[in-house]
Amino acid sequence: QCTAEESKKIRRTSYKGVGPGLWFAHEMLRRTGVPQGLICAAHGGTSMTQWSPVRMMDEKTSLYGSLMDSVEATGQPVAGVLWYQGESDANAEAVPQYTDRMKKLVTTLRKDLRQPGLPWLTVQIARFFGNHPPGDDLLWNRIQEQQRLLPRSIKNLAVVAAIDLSMDDGIHISATGHSRLALRLAHEADRLVHGNRREKAPPQLKTISAQKMLKGVPPPIGPAMDVVFKDVAGGLQAPGEPVGFALVNEEGVDQRAIYKTTLHGNTVRLHLLSNYPGAKLCYGIGTVPICNITDARDHSLPVFGPQVVGKHQAYLPFIKQWKVTAPIESALALDRISAPDVDALGVEVRTYGENQFGLEGFVMERPRWIGRQGHCYFAARLELSEPMRLNFLMGYDGPFRLWIDGKSHFINMNGTNPCFADESNKPASLSAGTHLIQVGMDLNHGGAWGFFLRFIRKDVTPAQVKSGVYAKPVYGI
């Protein structure tokens, strides 16, 4: 779309212009022994709208028309397409249409070239530094997620990740990064174009689940999550500590829940501060994530998410406000006493919010319990507008007991530090009305810190869980 003289001037004066093409061609020549012809039809900063597959006539052109003119000028069939685009579609208008526009472009080009199985290699967009309006991070990730899923709707298309590659400015991958990207594309070209069965597809997300027994790997201390990938060659690896995963809440806010990441073959084990029901898992969240996990071929894990973790359930909030007694010495063990009258013992009302450990809902009494012995008691009330079947979810780091309306409901005298939410559970069917919940903890010679308590409502339909519209207990004191 410019004259030969203008083209020469651009090449002389431009400070940018590096791409993966030449490295890709050299690698494919090495693999096949066949000289490679690259037809550059690229144009920087373009959107899918600008790439609409329309070939304009009457001396007017379009990006698609220019591409077709260049291909036809060679008089040769095309072996495949290398496609790196998507940044300009990370906006509210274009994001919902990205996948459909990609499908239309690929289908039309294959039809116009009379090559219905033309291999198409897409690069998942990388990083974008700088200050952006609120919500731009989410839109960026939605483009990446759609690109990750393109092989499900477009045959003979593969996606390679670039999220871990070094940058030369706020949005462009460096020459060093492009040399690595080129080899990733060459792996896929060898597989899709030349049918090399020794080449696997790039790593792809397979399952996310609670930790399982891994051969030769000791079980984690506390909650953990296993993320399994398929098409991993030679095992997952990282230079230094593996990073890139995040658990986010419904608003997309990182919960800073993953304190350690370990790699075991094709499995990533995420070690968590606590259980986070309802949270969603991401790899490469935001526009400037730090990600460094690859397989032995140097294929990066793809950016994905937010991905729902586990089964949707009707989780209810933690009880955060309680009537609390001071430590009380007792000659009897916690499992041998009756439900206490906390008001008669003397109480204060305490509210437990976020603590210095970032653990929501942790009823922490460590400052008042350290060096003390005896028991401490807590009381709260549930107001139910209708009968409910609740699963009580409890976590504790000392001997623990719970009463419902004065009747013993749960006892564990073996609780030890550290404390994790939802370690224990026990169901209860409660009638409509007000119910008294009492908790007792043994201070464990000053070693206990506190407990968690929340519920899952078990008698609602999947549709109600998804919508969030169902009756919930009202907490009070």
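Heavy atoms only: backbone and side chains are in, while hydrogens, waters and symmetry mates are out.
Within 6.0 Å of CG on L149 lie more than 12 heavy atoms contributed by other residues, nucleotides or ligands. Atom NZ of K472 has more than 12 neighbouring heavy atoms from other residues, nucleotides or ligands inside a 6.0 Å radius.
Here the closest non-hydrogen pair linking Q124 and Q144 is NE2-O, 2.9 Å. Looking at every heavy atom in both residues, A182 comes nearest to F24 through CB-N, 3.4 Å. Shortest non-hydrogen contact noted between F245 and L301 is CZ-CD1, 4.0 Å. Nearest heavy atom pair, residue P223 against residue F420, reads CD-CD2, 3.0 Å. Contact between I258 and L247 at its shortest, heavy atoms only, is CD1-N, 4.1 Å. Taking all atoms of both residues into account, the shortest heavy-atom contact from S88 to G45 is OG-O, 3.1 Å.
For the ring-ring contact (aromatic ring centres under 6.0 Å, His included) test, no residue two or more places apart in sequence or in another chain qualifies with W369. Taking V308 as the reference, K280, H312 meet the side chain to side chain contact (heavy atoms under 4.5 Å, CB included) condition, with sequence neighbours excluded. In terms of the side chain to side chain contact (heavy atoms under 4.5 Å, CB included) criterion, residue partners of P119 (sequence neighbours excluded) are, by chain and number, N156, L192, V193. Not counting sequence neighbours, H26 has no partner by the ring-ring contact (aromatic ring centres under 6.0 Å, His included) test. With sequence neighbours excluded, the residues satisfying side chain to side chain contact (heavy atoms under 4.5 Å, CB included) with D136 are H132, P133, L139. Here A25 pairs with Q36, L38 under the side chain to side chain contact (heavy atoms under 4.5 Å, CB included) rule; sequence neighbours left out.
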> Given the rule in the side chain to side chain contact (heavy atoms under 4.5 Å, CB included) test, do V18 and W23 qualify, once you have shown the distances and angles that lead to the verdict?
Replying inline: CA-CA 10 Å; V18 67; W23 284 286; 3.7 Å; yes
> After noting the C-alpha distance and the side-chain angles of D422 and R454, does the key distance pass the salt bridge (charged side-chain N to carboxylate O under 4.0 Å, His left out) rule?
Replying inline: CA-CA 8 Å; D422 309 344; R454 63 175 161 189; 2.6 Å; yes
> Would Y64 and T108 count as a side chain to side chain contact (heavy atoms under 4.5 Å, CB included) if you check the C-alpha gap in whole Å, the side-chain angles of each, and the deciding distance to 0.1 Å?
Replying inline: CA-CA 10 Å; Y64 185 81; T108 304; 3.6 Å; yes
>> Is there a side-chain hydrogen bond (donor to acceptor under 3.5 Å, both in side chains) between Q147 and T122? Walk through the geometry before answering.
In response: CA-CA 8 Å; Q147 290 176 326; T122 293; over 6 Å; no
>> Set out, in order, the CA-CA distance, both residues' side-chain angles and the distance that settles side chain to side chain contact (heavy atoms under 4.5 Å, CB included) for F378 and I319, then state yes or no.
In response: CA-CA 11 Å; F378 303 78; I319 300 181; over 6 Å; no
>> Apply salt bridge (charged side-chain N to carboxylate O under 4.0 Å, His left out) to residues E188 and R191 and explain how you reach the verdict.
In response: CA-CA 5 Å; E188 283 307 285; R191 182 177 70 88; 2.6 Å; yes
>> Under the criterion side chain to side chain contact (heavy atoms under 4.5 Å, CB included), I'd like the reasoning laid out for L109 against L67: C-alpha separation, chi angles, the key distance, then a yes or no.
In response: CA-CA 10 Å; L109 183 60; L67 181 157; 3.7 Å; yes
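Residues V160 and L121 fail the side-chain proximity criterion, which asks for heavy atoms closer than 4.5 Å. Between P427 and N391 there is a side-chain heavy-atom pair separated by less than 4.5 Å. A heavy-atom distance below 4.5 Å is found between the side chains of L113 and M68. Two residues are said to be in side-chain contact when any heavy atoms from C-beta on lie closer than 4.5 Å; V268 and L263 meet this criterion. Side-chain atoms of M28 and H194, non-hydrogen and from C-beta on, do get closer than 4.5 Å to each other. Under the 4.5 Å side-chain criterion, counting only non-hydrogen atoms from C-beta, L281 is in contact with F304. Side-chain atoms of L105 and W120, non-hydrogen and from C-beta on, do get closer than 4.5 Å to each other. Taking 4.5 Å as the limit, some side-chain heavy atom of R297 sits within range of a side-chain heavy atom of P203.
A donor-acceptor contact shorter than 3.5 Å links the side chain of K426 to the backbone of H409. In terms of modelled atom types and a separation under 3.5 Å, the side chain of N141 and the main chain of I285 share no donor-acceptor contact. In this structure, R127 contributes its side chain and L165 its backbone to a donor-acceptor pair below 3.5 Å. Panel note: side chain D168, backbone H172; no donor-acceptor pair is recorded below 3.5 Å. In this structure a side-chain-to-backbone donor-acceptor pair under 3.5 Å is present from R184 to A161. With Y475 contributing its side chain and P317 its backbone, the two residues share a donor-acceptor pair below 3.5 Å. Remark: the backbone N or O of L334 is paired with a side-chain donor or acceptor of R401 at under 3.5 angstrom. Panel note: side chain R366, backbone G446; a donor-acceptor pair is recorded below 3.5 Å. Remark: the backbone N or O of D226 is not paired with any side-chain donor or acceptor of T267 at under 3.5 angstrom. D397 places a side-chain N or O within 3.5 Å of a backbone atom of W449 that can act as its donor or acceptor partner.
Between H299 and H187, the two ring planes are tilted [angle within 30° to 60°].
With ring centers used as reference points, F318 lies 6.0 Å or more from Y352.
For the 3.5 Å distance criterion, the side chains of T176 and R180 fail to qualify, holding no donor opposite an acceptor. Side-chain N/O atoms of Y283 and Q307 include no donor and acceptor closer than 3.5 Å. Between the side chains of E423 and Y396, not a single donor N or O lies within less than 3.5 Å of an accepting N or O.
Here the straight-line distance linking atom CD1 of I154 with atom OG1 of T107 works out to 6.5 Å at 0.5 Å rounding.
Residue L236 is tested with I293, T262, V227 for a side-chain contact (heavy atoms from CB on, under 4.5 Å); the sole match is I293.
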